[in-house]
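Here is the naming used below: chain letters follow the sequence lines, and residue numbers restart at 1 for every chain. In this text the structure is predicted, and so the values were computed from the model without any measurement.
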Amino acid sequence: MTRRDVDRYELERRFAPHLDPTWAEAVLLELRLLGVRGDRIGSALSEADAFCVDSGQDAVEAFGDPATYARSLDLPAEADPTARESLGALAQVGLDVLGVFLLAYAYPAWRSGDRLSVTVGATLTAAVILLGVGVVLWQGDRVLRTVLRGPTPARVALGAAVAAWFTVAVAMPVVLTGQWWALPALPALVVAVLALTAGALLSRRGPAPDPVSAPLVDSPARTPGPAAADAVARRAPVLVGALLVVGLTELVRALG
Amino acid sequence: MTDDTWPSDWLRGVLGLAVLRTVADGHTYGYAVAQALQRAGLGTVKGGTLYPLLSRFEQAGLLTTRWEPGDGGPGRKHYALTEAGRAQLADDAARWARFAHLTTGFVTTTEARA
């Protein structure tokens, strides 16, 4: 057993130390995908573990295929986000993406005293990005299943779709340079900052943690870090994006 | 006829009721239930069959559960009948008895009654 195996199956070994960790992992994964709460997942794994210890059977002998077994338990799905939470997540990501995107165009324009040229390509790219995000948030479950367990043709098709989406998103501003609108840069910059701020406010309430747990199984004490550090970590991609925009613009101006 | 040769569709019909009976008798955790069923002559019940039943009964409010530390081994989840579970058991057992009596009489007659 390599160190990587130990780390990868840490949860499985904690709740079902006597079971084949790959079997336990498959059960855990299937239950997560079904939206089952963490405490019920831990309980199911611990029970399976105890049965195999008592009976002397291994997991496959006693319970069969792990995903089929997980589904047969018919545990209630309570971890699914509500429609409101999904919309909130979509709104937050949408605001972040739009904010950084707009910042990338508005900041250099503002610094050089130009108007912000809104091209057809840039607008379509923003729409394509939002569409991609929307699809993942709406069908995330199904996408994840296909990636993890789907038949090869489905995975290839999904990979091709992602590649096509990415190519379109990147290529369009380069290809479709026709300007359809010119904005004063400063108001656009203000809108970008407002969008990022709104995204930050929406992200303050992250999803409630739902760790796998079970009675009688010790879990490492969770020492919650300072809330500020947590919030910064969640906003890191956006902060990095914004800093890159500002930094690169200034660098180009300094060199130019 | 030995234990393990009961047709599986017969067992499927009675297993839920048998599990409730077994829990009522005080065999309260999964493996103990499976052993009790085997001793009773109902054959070997796999974990993959038993636990979905227990889970369904728990969610239907027929069983309550509590965890007990194992003696040197993993903790075990123990089941007990609720009031609703006891009522269901009594009701189903009575109906099963009538059903079994009826079907026994029917299938063991040597000629069909007119």
Report summary line: Most contact-rich option vs chain B, by heavy-atom pairs under 4.5 angstrom, among A:S46, A:G64, A:P17, is A:S46
Query - Among A:C52, A:A48, A:A214, A:S55, residue most engaged with chain B (heavy-atom pairs, under 4.5 Å) - result: A:S55
Minimum heavy-atom separation for [X] and [Y], please, with both atom names.
X	Y	result
B:G47	A:Y69	O-CE1, 4.1 Å
B:Y51	A:E47	CE2-OE2, 3.0 Å
A:F51	B:A34	CE1-CB, 4.3 Å

So how far is it from [X] [atom1] to [Y] [atom2], rounded to the nearest 0.5 Å?
X	Y	atom1	atom2	value
B:R76	A:D54	CZ	CG	4.0 Å
B:S55	A:L75	OG	CG	4.5 Å
B:Q59	A:D74	CD	CG	6.0 Å
B:L53	A:L73	CG	CG	11.0 Å

Report task. Answer with side chain, backbone, both or neither: which region of A:T68 has an atom nearer than 4.5 Å to a non-hydrogen atom of chain B? Result -> neither
Query raised in the report: Where the side chain of A:Q57 meets the backbone of B:K46, is there a donor-acceptor pair that is under 3.5 Å apart?
Result: no
Query raised in the report: Backbone N or O of B:P52 within a donor-acceptor pair of the A:S72 side chain at under 3.5 Å?
Result: no
Query raised in the report: Where on B:E58 is there a heavy atom nearer than 4.5 Å to chain A: the side chain, the backbone, both, or neither?
Result: neither
**Report entry** Portion of B:A32 that has a non-hydrogen atom of chain A nearer than 4.5 angstrom
**Finding:** neither
Query raised in the report: Does CZ belonging to A:R155 count more than 12 external heavy atoms closer than 6.0 Å?
Result: yes
